[in-house]
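One structure is given here, and the rest of the page talks about it.
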Amino acid sequence: MKPSKNQISLLSGQFFAILFFLTFSFSAFAQKVIIKGVFEKVPNGVHISLLNKYFDSKHEDSSVQIPIDSKGNFNIEIDISHPQIVAFVYYIKSTMTLTSCDLFISPGDDLRITIDSSLKAENIKVTGSHQENNQLLNSLSRFDEQKFEGDTLPDRVYKEIESIALKNKSVLDKYIKTHKPSKEFIKTWQINLEYLAPEAFYSFEQNNKFNNQKAYARNLNKWKKCREELFSKIKINNDEAINAPYYRCFVFDILGRKKEELWREASGANKEVFFKEWYNASVDFFLLIGQIYLQRKLFKNIIPENLQNMLMRCFLHNLFMMRIIKICPKSSKISRISSLIATT
């Protein structure tokens with residue numbers, strides 16, 4: 001069933017309202033997390049990726065570079081306000097290898113990470129406060145989109161993603177039994193993995209369709225059936241999942257793709273119906289708004305603001321009069337000023 005504009009508006013409104021509330025609340029109670037340690041062999045770059053921050057702040061703020069001295073030592077402090085999943089990432093240029101390890105950090109944590117000379121994730125040791133939350137590292141499998149690029153049917157992709165989801169659930173269940181992590185860890189990771197399959201499939205489907213648009217259109221019902229089956233297992237609007245990176249990415253993708261769909265409707269054969277339904281306005285009205293916006297962009301930083309306002313009044317008046325001329329071409333009053341408008 002096609003979502004209504006009210007459903008989409010409600011979902012996007014609630015999603016970003018929650019993000020605003022969380023961001024505002026968390027910033028008011030931020031505490032430091034200390035992450036220090038040593039690389040026995042110095043890599044070419046290290047950073048902490050704050051996965052959730054990507055969606056509620058500037059993108060460049062979602063990655064924190066970690067300085068390393070010549071002996072491989074590092075020590076960094078990060079301000080956070082709630083327990084969350086982050087990625088500890090390092091790069092080795094000689095082998096073109098990027099290694100990402102999952103950490104679960106909480107306000108006040110003081111962690112020490114030791115990476116031996118092999119630079120392999122399975123040999124990393126994490127000690128310190130809440131170390132029981134930080135042994136998962138790279139135990140979970142990721143979906144590799146490149147292996148399936150160009151597929152015209154969803155069968156292989158669906159099977160692979162389902163297999164990864166089941167495997168990761170088993171790994172997490174075993175981890176919880178062995179390490180007995182905190183309640184926050186268990187809740188966040190269980191919810192996060194619930195959204196892995198729908199997010200991975202939907203993201204791949206929507207990107208891959210541009211590689212073979214005709215085949216995708218021909219097999220759309222098959223893709224849709226798999227997508228709807230995965231979507232039926234989760235809640236799209238889920239306040240409890242707001243701290244799960246896969247969920248945030250999932251909603252971000254849905255809203256972005258819906259925007260693309262609306263762009264197509266707004267420029268298609270039924271655009272009059274679209275603007276009337278969504279904005280109770282005509283296409284001409286939005287063309288006018290667009291022209292005003294472009295004019296303001298041209299005026300900015302070139303013409304003083306008081307002159308900008310005067311020119312905009314003239315611009316709007318001119319557009320209005322041209323519209324009247326089109327509607328009432330035989331008006332004697334209009335005819336007396338039409339030549340002036342035409343040369344303005």
Side-chain angles (χ1 to χ4, degrees), residues 22 26 31 33-38 48-53 78 80-90 98-116 118-144 158-201 203 229-236 238-251:
L22 290 176
F26 296 155
Q31 294 183 44
V33 171
I34 299 172
I35 300 176
K36 57 182 179 289
V38 62
I48 292 285
S49 180
L50 302 167
L51 305 176
N52 285 350
K53 201 170 184 183
I78 303 172
I80 65 169
S81 303
H82 65 292
Q84 59 190 276
I85 299 169
V86 302
F88 179 77
V89 185
Y90 56 92
L98 189 72
T99 302
S100 179
C101 299
D102 294 313
L103 299 177
F104 188 83
I105 58 176
S106 302
D109 275 359
D110 187 342
L111 297 173
R112 179 173 179 80
I113 304 175
T114 303
I115 305 94
D116 72 12
S118 72
L119 293 177
K120 292 182 178 179
E122 56 265 32
N123 296 329
I124 291 176
K125 291 184 174 61
V126 182
T127 56
S129 51
H130 288 132
Q131 64 184 45
E132 68 277 8
N133 291 342
N134 291 288
Q135 307 303 317
L136 197 57
L137 301 173
N138 74 330
S139 303
L140 300 175
S141 301
R142 264 77 172 179
F143 172 61
D144 183 3
Y158 183 85
K159 184 178 179 180
E160 174 78 358
I161 290 173
E162 281 281 80
S163 174
I164 290 172
L166 288 172
K167 180 183 176 182
N168 283 349
K169 183 181 183 304
S170 176
V171 170
L172 181 63
D173 289 344
K174 184 178 178 180
Y175 180 93
I176 292 170
K177 185 176 180 180
T178 302
H179 294 280
K180 297 178 174 53
S182 66
K183 291 181 179 178
E184 292 88 351
F185 174 99
I186 295 171
K187 178 182 177 181
T188 302
W189 266 111
Q190 285 179 338
I191 292 176
N192 195 45
L193 292 186
E194 285 178 17
Y195 287 90
L196 183 155
E199 157 55 20
F201 185 86
S203 176
E229 184 174 335
L230 292 171
F231 281 20
S232 69
K233 299 175 183 179
I234 48 94
K235 289 170 60 178
I236 293 180
N238 187 359
D239 294 356
E240 293 295 313
I242 201 68
N243 195 34
Y246 278 131
Y247 174 71
R248 290 196 180 204
C249 192
F250 178 60
V251 174

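Note that these values count all heavy atoms, side chains included, but never hydrogens, waters or copies made by symmetry. No experiment lies behind these values; they were computed from the predicted model shown.
- Between Trp189 and Ile176, every side-chain heavy-atom pair lies at or beyond the 4.5 Å cut-off.
- Here the shortest heavy-atom pairing between Pro181 and Tyr175 reads CG-CE2, 4.0 Å.
- Nearest heavy atoms, Ala197 versus Ile161: CA-CG2, 3.5 Å.
- Put simply, CD1 on Ile242 and NE2 on His82 are 9.5 Å apart, with the number rounded to the nearest 0.5 Å.
- Contact record, Ile234 with Pro198: CG1-CG, 4.0 Å, taken as the closest heavy-atom pair.
- In this structure, Glu240 CD and Glu194 CD are separated by 11.0 Å, a value rounded to the nearest 0.5 Å.
- Screening Asn133, Leu136, Ile113 against Leu103 for a side chain to side chain contact (heavy atoms under 4.5 Å, CB included) leaves a single residue, Ile113.
- For Ser106 (side chain) and Asp109 (main-chain N/O), no donor-acceptor pair under 3.5 Å exists by modelled atom type.
- The two residues Lys180 and Lys177 come nearest to each other via the heavy atoms NZ-O, 3.2 Å.
- If you take NZ on Lys36 and CG on Asp110, they are separated by 3.5 Å, rounding to the nearest 0.5 Å.
- Residues Phe88 and Leu111 are not in side-chain contact: their nearest non-hydrogen atoms beyond the backbone lie 4.5 Å or more apart.
- Under the 30°/60° scheme for interplanar angles, the aromatic rings of Tyr158 and Phe201 are found to stand perpendicular.
- Other residues, nucleotides and ligands place no more than 12 heavy atoms under 6.0 Å from the NZ atom of Lys169.
- Side chains of Tyr195 and Lys235 form a contact here, defined as non-hydrogen atoms less than 4.5 Å apart.
- Between Ile80 and Pro107, the closest heavy-atom pair is CD1-N, 3.7 Å.
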Take Lys125 and Asp116 through the salt bridge (charged side-chain N to carboxylate O under 4.0 Å, His left out) test and state the conclusion after the steps.
CA-CA 9 Å; Lys125 291 184 174 61; Asp116 72 12; 6.0 Å; no
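- In this structure, the side chains of Arg142 and Ile164 stay at 4.5 Å or more apart for every pair of heavy atoms.
- Not a single donor-acceptor pair under 3.5 Å links the side chain of Ser203 to the backbone N or O of Ala200.
- In this structure the side chain of Ile48 never reaches within 4.5 angstrom of the side chain of Ile105, judged on heavy atoms.
- Taking the side chain as every heavy atom from C-beta outward, Leu137 and Val126 approach each other to under 4.5 Å.
- Taken to the nearest 0.5 Å, the OG1 atom of Thr178 stands 10.5 Å off from the CG atom of Asp173.
- Between Phe104 and Ile186, the closest side-chain pair of non-hydrogen atoms is not below 4.5 Å.
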CA sep, side-chain torsions, deciding dist, call: Phe250, Asn238, side-chain contact (heavy atoms from CB on, under 4.5 Å)
CA-CA 11 Å; Phe250 178 60; Asn238 187 359; over 6 Å; no
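- Within the 3.5 Å criterion, the main-chain N or O of Glu132 finds no donor-acceptor partner in the side chain of Gln135.
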Kindly determine whether Arg112 and Val38 satisfy side-chain contact (heavy atoms from CB on, under 4.5 Å), including the steps that lead there.
CA-CA 8 Å; Arg112 179 173 179 80; Val38 62; 3.8 Å; yes
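- Put simply, OG on Ser141 and NZ on Lys167 are 3.5 Å apart, with the number rounded to the nearest 0.5 Å.
- Here the straight-line distance linking atom CG of Asn243 with atom OG1 of Thr188 works out to 4.5 Å at 0.5 Å rounding.
- Side-chain N or O atoms of Asn123 include none that pairs as donor or acceptor with a backbone N or O of Lys120 at under 3.5 Å.
- For the pair Asn192/Tyr247, no side-chain contact is recorded, criterion being any heavy-atom separation below 4.5 Å from C-beta on.
- In the displayed structure, Glu122 atom CD is contacted under 6.0 Å by more than 12 heavy atoms of other residues, nucleotides or ligands.
- Heavy atoms only, all atoms of each residue included: Leu119 and Thr99 are closest at O-OG1, 4.5 Å.
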